[in-house]
Amino acid sequence: METKFNPQAIEKDIYEAWEKSGAFEAHREEGKKPFTIVMPPPNITGQLHMGHAMDCTLQDAAIRYHRMKGDPTLWLPGTDHAAIATEVKIVDKMREEGLTKESLGREKFLERAWAWKEQYGNRITMQQRRMGTSCDWSRERFTMDEGCSRAVREVFCRLYDKGLIYRGTRLVNWCPCCSTSISDAEVEYEEKDGNFWHLYYPVKETGEKLELATTRPETMLGDTAVAINPEDERYKHLHGCHVILPLLNKEIPIVLDEHADMTKGTGVVKITPAHDPNDYEVGQRHNLHIVRVFTYDGRMTGAKEKQENDELFASGKAAVNEPVVLDCGPYAGMTTMEARKAIVKDLEKGGYLGQIESLKHEVGTCYRCHTVVEPMVSRQWFVKMEPLARPAIEAVETGKTRFVPERFEKNYFNWMRNIRDWCISRQLWWGHRIPAWYCDDCGEITVARQDPDVCPKCGSRHLKQDEDVLDTWFSSALWPFSTLGWPDNTEDLKYFYPTTMLVTGYDIITFWVSRMIFSGIECMGETPFATVLIHGLVRDELGRKMSKSLGNGVDPLEIIDQYGADALRFSLLMGVSPGNDTRFSIDKVEAARNFANKIWNASRFVLMNTQEKVEINPDTLTMADKWILTRFEEAVKDISAHNEEGDFGLSATRIYDFAWSEFCDWYIEMAKPWLLGEDETAKRNVQAVLLYVLEGVLKLLHPFMPFLTEEVYHYLPGTEGFLMLKPWPEAGKWDFPEDLRKMEGIMEVIRSIRNLRAEMNVPAGRRTRLMFLPKEGWADTLNHAGLYFARLAGASQSSLIEKAADVTEKTVTTVTGAGTVYIPLGDLVDIEKELARLNKELENLTKEISRIEGKLNNPGFVAKAPEALVAGEREKLQTNQHKLEALKTRIEELKETR
RNA sequence: GGGGUUUUAGCUCAGCUGGUUAGAGCGUUACGUUGACAUCGUAAAGGUCGGAGGUUCGAGUCCUCUAAACCCCACCA
């Protein structure tokens with residue numbers, strides 16, 4: 001073994017060996033409860049980032065832990081086609097070549113998209129392999145593969161047949177840049193500077209000027225009413241009147257509606273049903289015309305759009321509330337921002353413009369391209385949410401699905417209880433095409449599992465499939481069961497559904513988690529997972545979100561190349577608590593790398609001293625052996641418990657502390673004298689314990705640092721096969737509380753001596769004699785610890801004395817729970833300094849004693865605190881009183897000698 | 001407007017159902033290469049746990065109020 005752990009040299013080989021051997025593959029074992037995770041499928045848009053790395057690490061830790069525990073485990077991987085995100089990327093790339101979607105045509109475009117999927121999908125799975133991901137690649141899926149597509153179509157048809165999917169003309173969020181509708185969840189709000197333009201609309205009947213305010217004057221061409229509150233005293237006289245819409249000179253009604261808030265502005269609102277969600281609803285209530293003035297790519301409509309629209313109406317195929325399109329005349333073809341300027345200017349000219357206030361307001365933007373979204377009335381497909389949301393809410397209320405940490409339930413409920421119908425159609429080409437056909441002859445809509453040849457109503461062959469595709473989340477919503485073979489009732493589906501745990505970030509609870517829950521209940525009759533383990537975001541060193549635009553993203557692969565996958569994984573777990581964001585820093589990675597190296601070298605040490613497998617002989621164990629075995633089992637219990645809870649941050653910290661501080665810094669150091677000594681029994685003892693605990697440490701650490709532990713395991717004598725398939729350590733074999741107590745007493749003595757030596761500036765190389773005046777019950781233990789004092793406390797010789805008076809030389813002293821330690825230091829001892837030091841110790845001790853006494857003299861404490869606690873305090877008091885006595889005696893002695 | 005998170009050592013963060021003198025890593029200081037490891041060891045300095053009340057024998061931990069930072073949802077014509 002090399003003196004340094006070199007991850008680059010081993011990771012690739014180990015991963016290939018694992019994968020080739022089939023170690024990742026899931027096996028159904030009837031009668032045993034499986035542990036199942038479906039991996040959140042990364043988008044095929046690019047490459048993995050730190051968020052994926054964390055997601056992946058958490059899942060792999062859970063999977064490896066359960067695999068070692070003997071649960072049949074399935075971790076099902078895959079990728080997501082990410083309709084809009086991928087399409088945007090492909091179009092961008094085409095633009096560089098001077099191509100457009102339209103010039104290429106749908107078919108050619110899709111060819112490109114599949115090629116893209118091939119390239120980037122593979123790149124992602126390669127990256128996942130580098131992370132050490134132990135998922136079952138034989139079951140890898142893609143949201144647009146044949147099976148998933150079949151599931152999508154099946155769900156679409158079922159919901160359609162039940163009336164839960166419908167086509168309707170509604171106001172939707174429209175991204176003019178991506179040129180598609182997007183769902184409510186895909187709108188992000190950003191604060192932007194804007195203005196409040198006050199406008200005057202003349203009242204036809206009275207001639208007065210009605211003042212109102214708007215943030216979007218360019219929509220005024222589409223106004224089909226103004227609203228006032230029915231209760232508003234200021235405008236009672238206007239009930240039933242009309243206003244003349246400036247610029248267009250068009251008469252529109254004044255309607256009475258609650259939406260008009262008397263306390264805001266003038267209490268008058270202009271109503272643009274085609275381009276504002278609230279106005280749309282007002283329009284529905286009052287049966288207003290809907291006039292569309294924007295094109296789908298964000299410009300003002302003109303003669304061309306109007307003509308198309310007129311033709312639609314003429315053909316009789318217009319929807320019930322199909323909007324009318326306005327030819328905006330001089331504004332036609334302008335972008336909305338250009339039109340805004342022009343219209344404001346013209347309003348001013350006409351004397352219709354009042355004051356302009358500036359304000360900040362939240363503006364909806366597209367989550368993909370951050371273009372301001374335009375609410376638009378258009379014909380889309382929707383999922384009726386209310387009936388689906390109800391059981392999904394109940395599933396979480398009743399605990400069938402549990403969020404960890406629990407607080408994220410509130411997010412979920414908040415979203416689900418205020419849910420609106422889900423717009424699922426997208427005006428894109430990359431995705432699952434909507435399985436609906438329109439008959440050119442009779443207008444019948446056919447939704448079918450199999451592509452129809454003829455119209456089932458009129459028998460016509462002139463069928464056209466809907467041009468749109470489905471929202472990418474429609475297929476991801478089915479992921480927990482579509483990937484297991486649904487709609488067929490496969491063996492995998494029967495055995496692994498519902499899955500055990502879903503691991504994901506809090507940012508996609510609404511997008512994804514909620515939709516999987518209602519889809520699972522709807523299609524499978526059962527919630528798709530028992531636990532949702534939520535983690536936070538990985539931020540940069542300054543706490544900022546990692547993003548392309550900031551250029552502060554860190555590529556996981558670069559970190560792996562430099563420090564190894566284990567270091568990266570461990571750094572993403574250490575000190576992380578569930579649901580909270582974490583900052584990525586190279587310092588943490590280095591700390592993790594150092595830890596890996598520490599384990600490597602500890603293993604190297606054990607192996608240099610142990611050539612063959614040695615079994616533990618319980619009869620010959622020393623105090624130190626029993627101590628480490630007991631502490632090991634405590635670590636096993638704690639780590640197992642944290643793993644069960646999905647609290648891997650605590651597990652990682654615990655194994656770090658146990659391995660480094662207790663095993664390396666203490667036990668290995670205490671083992672050295674025995675290994676170098678003559679006593680063969682003692683030597684074998686220590687070898688056995690070293691091997692045993694090391695193997696245990698490797699197992700406990702394996703879920704977090706799989707490569708290192710697997711590699712080292714192979715060097716251990718008497719091992720064969722993969723560590724990843726070995727059983728998880730069990731506690732319950734070793735428990736020596738008495739030796740634990742003694743050992744800790746000795747450790748305190750050693751620490752005190754080291755402390756004293758440092759304080760007295762004793763050169764590290766200078767060995768000194770030690771004399772102990774033991775406290776009752778400790779003589780034997782101290783006597784047997786000579787080797788440890790020699791090794792760990794710089795003792796040349798240690799001996800017991802019976803009374804303080806036996807000390808005849810100049811010494812410094814430290815008082816411990818096990819007794820008083822005298823260190824003859826000759827010339828190094830300055831009596832005055834020593835007295836000052838001891839007096840300070842005395843002071844501290846006195847304070848501590850009075851604190852405990854205060855506690856014990858409190859009748860409430862003695863009466864109400866648990867007995868064990870009170871007893872503990874009493875014992876502590878006693879120990880400290882002993883120390884105090886010893887200290888006082890020592891001070892007196894010193895005073896005499898001066 | 002509704003909801004949530006965070007606030008603990010110079011920095012990054014742990015601290016489970018309230019119970020030793022509040023911990024770790026990094027950084028700082030001093031000493032140290034004793035054959036596993038300088039990607040190391042030993043020791044030290046550093047915190048009235050954002051503030052104010054309260055509950056309790058006992059509060060970093062529970063409750064109320066409050067301050068600051070951040071996030072989610074809804075809305076702003």
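Residue numbers start from 1 in every chain, and the chains themselves are labelled A, B, ... in the order their sequence lines are given, proteins ahead of strands.
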J.: How is A:Thr214 classified with respect to the nucleic acid when contacts are heavy atoms under 4.0 Å: base, sugar-phosphate, or nothing?
T.: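 Touches sugar-phosphate only.
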J.: For B:U7 and B:U61, measure between their C1' atoms and round to the nearest Å.
T.: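 My reading of the C1' atoms in B:U7 and B:U61 gives 15 Å.
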J.: Would you mind reading off the distance between A:Phe403 atom CZ and B:U5 atom P, rounded to a whole angstrom?
T.: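 Value for this atom pair: 15 Å.
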J.: To check you understand the geometry: which heavy-atom pair defines the closest contact between A:Ile252 and A:Val226, and what is its length?
T.: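 Closest heavy-atom pair between A:Ile252 and A:Val226: CD1-N, 4.5 Å.
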J.: Fill in the dot-bracket string of RNA chain B, one character per base: . for unpaired, | for a pair to another strand, ( ) or [ ] for pairs within the strand, taking Watson-Crick or G-U pairs under 3.5 Å.
T.: (((((((..((((.....[...)))).(((((.......))))).....(((((..]....))))))))))))....
J.: With rounding to whole Å, what would you report as the distance between B:G27 and B:U12 at their P atoms?
T.: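 Their P atoms lie roughly 15 Å apart.
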J.: Checking contacts here: which listed nucleotide (B:G2, B:G15, B:G25) is nearest the side-chain heavy atoms of A:Ala591?
T.: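 Nearest to the side-chain atoms of A:Ala591, counting from C-beta on, is B:G25.
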J.: Can you check the A:Arg766 CZ to B:G32 P distance for me, whole Å?
T.: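 Rounding to the nearest Å, CZ of A:Arg766 and P of B:G32 are 15 Å apart.
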J.: Suppose you measure atom C1' in B:A30 against the same atom in B:G35; what distance do you get, rounded to whole Å?
T.: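 About 26 Å, rounded to a whole number of Å.
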J.: Rounding to an integer number of Å, can you tell me how far A:Phe584 CZ sits from B:G25 P?
T.: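 For the pair A:Phe584 CZ and B:G25 P, the rounded distance is 20 Å.
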J.: Classify the nucleic acid contact of A:Thr215 as base, sugar-phosphate or nothing, counting any heavy atom under 4.0 Å across all strands shown.
T.: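 Sugar-phosphate, backbone atoms only, no base.
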J.: Is the backbone of A:Trp197 close enough, under 3.5 Å, to the side chain of A:Thr214 for a donor and an acceptor to pair up by distance?
T.: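 No: the side chain of A:Thr214 does not pair with the backbone of A:Trp197.
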J.: How many whole angstroms separate atom CG of A:Leu792 from atom C1' of B:A43?
T.: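 Taking atom C1' of B:A43 as the reference, CG of A:Leu792 is at 14 Å.
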J.: Report the relative orientation of the aromatic rings in A:Tyr656 and A:Phe595; use parallel for angles under 30°, tilted for 30 to 60°, perpendicular for over 60°.
T.: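 It falls in the tilted class, 30° to 60°.
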J.: Would you mind reading off the distance between A:Ile655 atom CD1 and B:G25 atom P, rounded to a whole angstrom?
T.: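 Taking atom P of B:G25 as the reference, CD1 of A:Ile655 is at 15 Å.
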J.: Below 4.0 angstrom from OP1 or OP2 of B:U12, is there any side-chain N or O of A:Ser585?
T.: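 Result: no.
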J.: Should the ring pair A:Phe663 and A:Tyr667 be called parallel, tilted or perpendicular, given that the plane angle runs from 0 to 90° and is split at 30 and 60?
T.: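 Ring orientation of A:Phe663 relative to A:Tyr667: parallel.
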J.: Just one of A:Asp540, A:Asn552, A:Leu568 clears the side-chain contact (heavy atoms from CB on, under 4.5 Å) bar with A:Phe584, so which one?
T.: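 For A:Phe584, the side-chain contact (heavy atoms from CB on, under 4.5 Å) check succeeds only for A:Leu568.
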J.: Measure the distance from CG on A:Leu869 to P on B:G18 and round it to the nearest whole Å.
T.: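 One finds 14 Å between P of B:G18 and CG of A:Leu869, rounded.
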J.: Between B:A69 and B:C31, how far is it from one P atom to the other, in whole Å?
T.: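 Pairwise P distance, B:A69 against B:C31, rounds to 45 Å.
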J.: Quick one: does NZ or CZ of A:Arg515 land under 6.0 Å from the six-membered ring centre of A:Trp422, within 45 degrees of the ring axis?
T.: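 Yes, A:Arg515 lies over the aromatic ring of A:Trp422.
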J.: What does A:Ala865 touch in the nucleic acid at a heavy-atom separation under 4.0 angstrom: a base, only the sugar-phosphate, or nothing?
T.: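 Base contact.
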J.: Between A:Met262 and A:Lys588, which has a closest nucleotide on RNA chain B that is more 5'?
T.: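 The residue closer to the strand's 5' end, by nearest nucleotide, is A:Lys588.
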J.: Check whether the side chains of A:Ser358 and A:Asn195 place a donor and an acceptor atom closer than 3.5 Å, and report yes or no.
T.: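 The answer is no; no qualifying pair exists.
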J.: Are any of A:Lys410's side-chain N or O atoms less than 4.0 Å away from OP1 or OP2 of B:G4?
T.: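 For B:G4, OP1 or OP2 has a side-chain N or O of A:Lys410 closer than 4.0 Å.
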J.: Report all interatomic pairs (protein N or O, nucleotide N or O of nucleotides 36-41 of chain B) with separations under 3.5 Å.
T.:
{"unit_1": "B:A36", "atom_1": "OP1", "unit_2": "A:Lys672", "atom_2": "NZ", "d": "3.1"}
{"unit_1": "B:A36", "atom_1": "O3'", "unit_2": "A:Arg604", "atom_2": "NH2", "d": "3.2"}
{"unit_1": "B:A36", "atom_1": "O2'", "unit_2": "A:Asn601", "atom_2": "OD1", "d": "2.7"}
{"unit_1": "B:A36", "atom_1": "O2'", "unit_2": "A:Arg604", "atom_2": "NE", "d": "3.3"}
{"unit_1": "B:A36", "atom_1": "O2'", "unit_2": "A:Arg604", "atom_2": "NH2", "d": "2.5"}
{"unit_1": "B:A36", "atom_1": "N7", "unit_2": "A:Lys672", "atom_2": "NZ", "d": "3.2"}
{"unit_1": "B:A36", "atom_1": "N6", "unit_2": "A:Glu669", "atom_2": "OE2", "d": "3.2"}
{"unit_1": "B:A36", "atom_1": "N3", "unit_2": "A:Asn601", "atom_2": "O", "d": "3.0"}
{"unit_1": "B:A36", "atom_1": "N3", "unit_2": "A:Ala602", "atom_2": "N", "d": "3.2"}
{"unit_1": "B:C37", "atom_1": "O4'", "unit_2": "A:Asn601", "atom_2": "OD1", "d": "3.0"}
{"unit_1": "B:C37", "atom_1": "O4'", "unit_2": "A:Asn601", "atom_2": "ND2", "d": "3.4"}
{"unit_1": "B:C37", "atom_1": "O2'", "unit_2": "A:Asn597", "atom_2": "ND2", "d": "3.3"}
{"unit_1": "B:C37", "atom_1": "O2", "unit_2": "A:Lys598", "atom_2": "NZ", "d": "2.9"}
{"unit_1": "B:C37", "atom_1": "N3", "unit_2": "A:Lys598", "atom_2": "NZ", "d": "2.9"}
{"unit_1": "B:U39", "atom_1": "O4'", "unit_2": "A:Asn594", "atom_2": "OD1", "d": "3.0"}
{"unit_1": "B:U39", "atom_1": "O2'", "unit_2": "A:Asn597", "atom_2": "ND2", "d": "3.0"}
{"unit_1": "B:U39", "atom_1": "O2", "unit_2": "A:Arg593", "atom_2": "NE", "d": "3.2"}
{"unit_1": "B:C40", "atom_1": "OP1", "unit_2": "A:Asn594", "atom_2": "ND2", "d": "3.2"}
{"unit_1": "B:C40", "atom_1": "O3'", "unit_2": "A:Lys598", "atom_2": "NZ", "d": "3.2"}
{"unit_1": "B:G41", "atom_1": "OP1", "unit_2": "A:Lys598", "atom_2": "NZ", "d": "3.4"}
{"unit_1": "B:G41", "atom_1": "OP1", "unit_2": "A:Trp660", "atom_2": "NE1", "d": "2.3"}

J.: Mapping A:His642 and A:Ala764 onto RNA chain B by nearest heavy atom, which one lands closer to the 5' end?
T.: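 Mapping each residue to its closest nucleotide by heavy atoms, the 5'-most match is A:His642.
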J.: How would you label the contact of A:Leu650 with the nucleic acid (heavy atoms, under 4.0 Å): base, sugar-phosphate, or nothing?
T.: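 Sugar-phosphate contact only - A:Leu650 comes under 4.0 Å of backbone atoms but never of a base.
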J.: Under 4.0 angstrom, heavy atoms only, what part of the nucleic acid is A:Ala227 near: base, sugar-phosphate, or nothing?
T.: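 Nothing: the residue A:Ala227, judged by heavy atoms under 4.0 Å, touches no strand.
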J.: Please measure how far the P atom in B:A24 lies from the corresponding atom in B:G15, and state the result in whole Å.
T.: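 Rounded to whole Å, the distance is 15 Å.
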J.: Give every donor-acceptor pair under 3.5 Å between a side-chain atom in residues 410-417 of chain A and any protein atom, sequence neighbours left out.
T.:
{"unit_1": "A:Tyr412", "atom_1": "OH", "unit_2": "A:Ala392", "atom_2": "O", "d": "2.8"}
{"unit_1": "A:Asn414", "atom_1": "OD1", "unit_2": "A:Asn418", "atom_2": "ND2", "d": "3.3"}
{"unit_1": "A:Arg417", "atom_1": "NH2", "unit_2": "A:Glu397", "atom_2": "OE2", "d": "2.7"}

J.: Under 4.0 Å between a side-chain nitrogen and a carboxylate oxygen: does that hold for A:Glu669 and A:Lys672?
T.: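 A salt bridge is present here (some side-chain N lies under 4.0 Å from a carboxylate O).
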J.: Are A:Glu211 and A:Thr266 close enough that a side-chain donor and a side-chain acceptor fall under 3.5 Å?
T.: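 Side chains of A:Glu211 and A:Thr266: no pair found under 3.5 Å.
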J.: If we take the C1' atom in both B:C26 and B:C65, what is their distance in whole Å?
T.: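 Roughly 37 Å separates the two C1' atoms.
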J.: Looking at side-chain heavy atoms only, is the closest gap between A:Ile852 and A:Gln881 below 4.5 Å?
T.: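 No, every pair of side-chain atoms sits at 4.5 Å or beyond.
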J.: Give a yes/no on whether any side-chain N or O of A:Arg583 is located under 4.0 angstrom from OP1 or OP2 of B:C13.
T.: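 Indeed, a polar side-chain atom of A:Arg583 lies that close.
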J.: What's A:Pro859 touching, base or sugar-phosphate or nothing? Going by heavy atoms closer than 4.0 Å.
T.: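 If one applies the 4.0 Å heavy-atom cut-off, A:Pro859 turns out to touch nothing in the nucleic acid.
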J.: Could you tell me how far apart A:Asn278 (CG) and B:C76 (C1') are, to the nearest whole angstrom?
T.: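 Between C1' of B:C76 and CG of A:Asn278: 9 Å.
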J.: Hey, is CD on A:Glu867 packed in by over 12 heavy atoms from elsewhere, all under 6.0 Å?
T.: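 Not buried by this count: 12 neighbours or fewer within 6.0 Å.
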J.: Please measure how far the C1' atom in B:A14 lies from the corresponding atom in B:U6, and state the result in whole Å.
T.: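 After rounding to an integer number of Å, I get 14 Å for this pair.
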J.: Give the nucleotide from the list B:A44, B:C76, B:U42 with an atom nearest to the side chain of A:His259.
T.: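 Among B:A44, B:C76, B:U42, the one nearest the side chain of A:His259 is B:C76.
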J.: CD1 of A:Ile509 versus C1' of B:C73: gap in Å, rounded?
T.: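 Computing the A:Ile509:CD1 to B:C73:C1' distance gives 12 Å.
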J.: Looking only at atom C1', what distance separates B:A9 and B:G50, rounded to whole Å?
T.: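 Straight-line distance between the two C1' atoms is 15 Å.
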